[in-house]
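Just the heavy atoms: all of them, side chains too, but no hydrogens, waters or symmetry mates, feed the values below.
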Amino acid sequence: MKIIDMIQNSQKGTQFLNLHQQFGKFSWCVAVLSVVILIMLSPIVSIKNINITLWMKIGGTIITALGNCILVCWFFMDRRKKRTGSLPLLCLTISCMLNGIFLLLLNSFFEILVQKGIALQAYVTMPPLIALFFILFAVISFFGNLTWIIVKATEKNRCFHYNNLFFVGQLKSRLGNCSKTMGIIVFYNITIESRCRYEKES
């Protein structure tokens, strides 16, 4: 009876955890914002006299934005196939983080374009906000996807998995409940630390 109870408790701890329900709406937002980034970058590509470093940043932004759109489609295709969607979400996490970093690196370039009158004021305000959203999504989805990482790690060691079903189930349950909270806390700490460094440098 104890083994049966442990199995039932483990299943109860993971039944509610659905990555598509947790990150479905946010994933669509990522896809829409990625399309916005691609539209904003399309006229910049025609600008001449751009050095190689800027081209690498622009190219990285375009590639990761296209990757976001493809990975969101893959994420929802997994839902139709009744899969967990953990692998595409993990890839989307990496792509969003890189896209956010590339956008922040292009911020000074966008400011120069606006000052010269080549680009609209939106190029100064929108990319940083979109970048912060991508980074926040990446951090939260990473913690939410830790469940998949734990499952894969415990499945390799079947002896540990079946001897600790209750512990594994409870751990997955707690990570599923607290993923958004942990993600926001980490993002907040990173923001505060970056702001303090910027104030010290200035």
Side-chain angles (χ1 to χ4, degrees), residues 16-45 57-111 113-114 119-149 172 175-195:
F16 72 95
L17 186 60
N18 188 325
L19 293 177
H20 295 99
Q21 291 177 354
Q22 289 187 31
F23 302 103
K25 294 179 180 179
F26 296 106
S27 299
W28 282 119
C29 291
V30 168
V32 171
L33 291 175
S34 298
V35 173
V36 171
I37 290 297
L38 291 173
I39 293 172
M40 293 180 70
L41 289 176
S42 57
I44 295 177
V45 177
K57 294 176 183 179
I58 294 171
T61 306
I62 293 173
I63 291 171
T64 50
L66 288 171
N68 289 344
C69 297
I70 295 171
L71 291 170
V72 169
C73 294
W74 182 19
F75 181 61
F76 284 98
M77 284 174 63
D78 265 23
R79 183 179 184 179
R80 289 189 175 184
K81 294 179 181 179
K82 296 182 180 180
R83 296 176 181 174
T84 60
S86 297
L87 182 58
L89 183 62
L90 181 61
C91 296
L92 183 60
T93 298
I94 299 171
S95 182
C96 282
M97 180 62 73
L98 292 175
N99 201 350
I101 293 172
F102 278 123
L103 283 173
L104 292 177
L105 291 175
L106 286 173
N107 190 38
S108 59
F109 173 65
F110 290 144
E111 289 179 353
L113 293 179
V114 172
L120 299 174
Q121 185 66 30
Y123 279 81
V124 176
T125 56
M126 288 185 63
L129 294 176
I130 296 174
L132 291 176
F133 175 81
F134 283 163
I135 294 173
L136 179 61
F137 173 83
V139 173
I140 293 175
S141 60
F142 171 76
F143 282 105
N145 213 14
L146 275 177
T147 300
W148 177 70
I149 298 173
K172 290 188 289 186
L175 285 173
N177 283 332
C178 301
S179 60
K180 293 182 177 63
T181 304
M182 289 189 295
I184 292 172
I185 291 172
V186 171
F187 179 79
Y188 179 77
N189 289 334
I190 293 173
T191 305
I192 295 297
E193 185 177 354
S194 301
R195 185 176 178 182

Within-4.5 Å side-chain heavy-atom neighbours: [X] and [Y]:
| X | Y | value |
| --- | --- | --- |
| F142 | I94 | no |
| V30 | F133 | yes |
| L106 | P127 | no |

Out of curiosity, [X] [atom1] to [Y] [atom2], how far, rounded to the nearest 0.5 Å?
| X | Y | atom1 | atom2 | value |
| --- | --- | --- | --- | --- |
| C29 | I130 | SG | CD1 | 11.5 Å |
| L103 | I58 | CG | CD1 | 11.0 Å |
| M126 | Q121 | CE | CD | 12.5 Å |
| I101 | K57 | CD1 | NZ | 12.5 Å |

Side chain to side chain contact (heavy atoms under 4.5 Å, CB included) partners of [X], counting only residues at least two apart:
| X | answer |
| --- | --- |
| C69 | S34, V35 |
| S95 | T64, N68, L71 |
| L41 | I37, I44, T61, I62, F110 |

Inset, instruction - Measure across P128 and L104 and return the closest heavy-atom pair with its distance rounded to 0.1 Å. - result: CA-CD2, 4.4 Å
Inset, instruction - Compare every heavy atom of M40 with every heavy atom of A122, then report the nearest pair and how far apart it is. - result: O-CE, 4.0 Å
Inset, instruction - Mind checking ring pair (Phe, Tyr, Trp, His ring centres under 6.0 Å) for W28 and listing every partner two or more places apart, or none if nothing turns up? - result: F76
Legend entry - ring pair (Phe, Tyr, Trp, His ring centres under 6.0 Å) involving F75 - partner list, sequence neighbours excluded: H20
Legend entry - Test log, rule side-chain contact (heavy atoms from CB on, under 4.5 Å), inputs F23 and I140: CA-CA 9 Å; F23 302 103; I140 293 175; 3.7 Å; yes
Inset, instruction - Using side chain to side chain contact (heavy atoms under 4.5 Å, CB included) as the criterion, point out the one residue from L87, N145, V72 that pairs with L92. - result: V72
Inset, instruction - Not counting sequence neighbours, which residues clear side-chain hydrogen bond (donor to acceptor under 3.5 Å, both in side chains) with S141? List them please. - result: T93
Inset, instruction - May I ask you to decide if F109's main-chain N or O and Y123's side chain share a donor-acceptor pair within less than 3.5 Å? - result: no
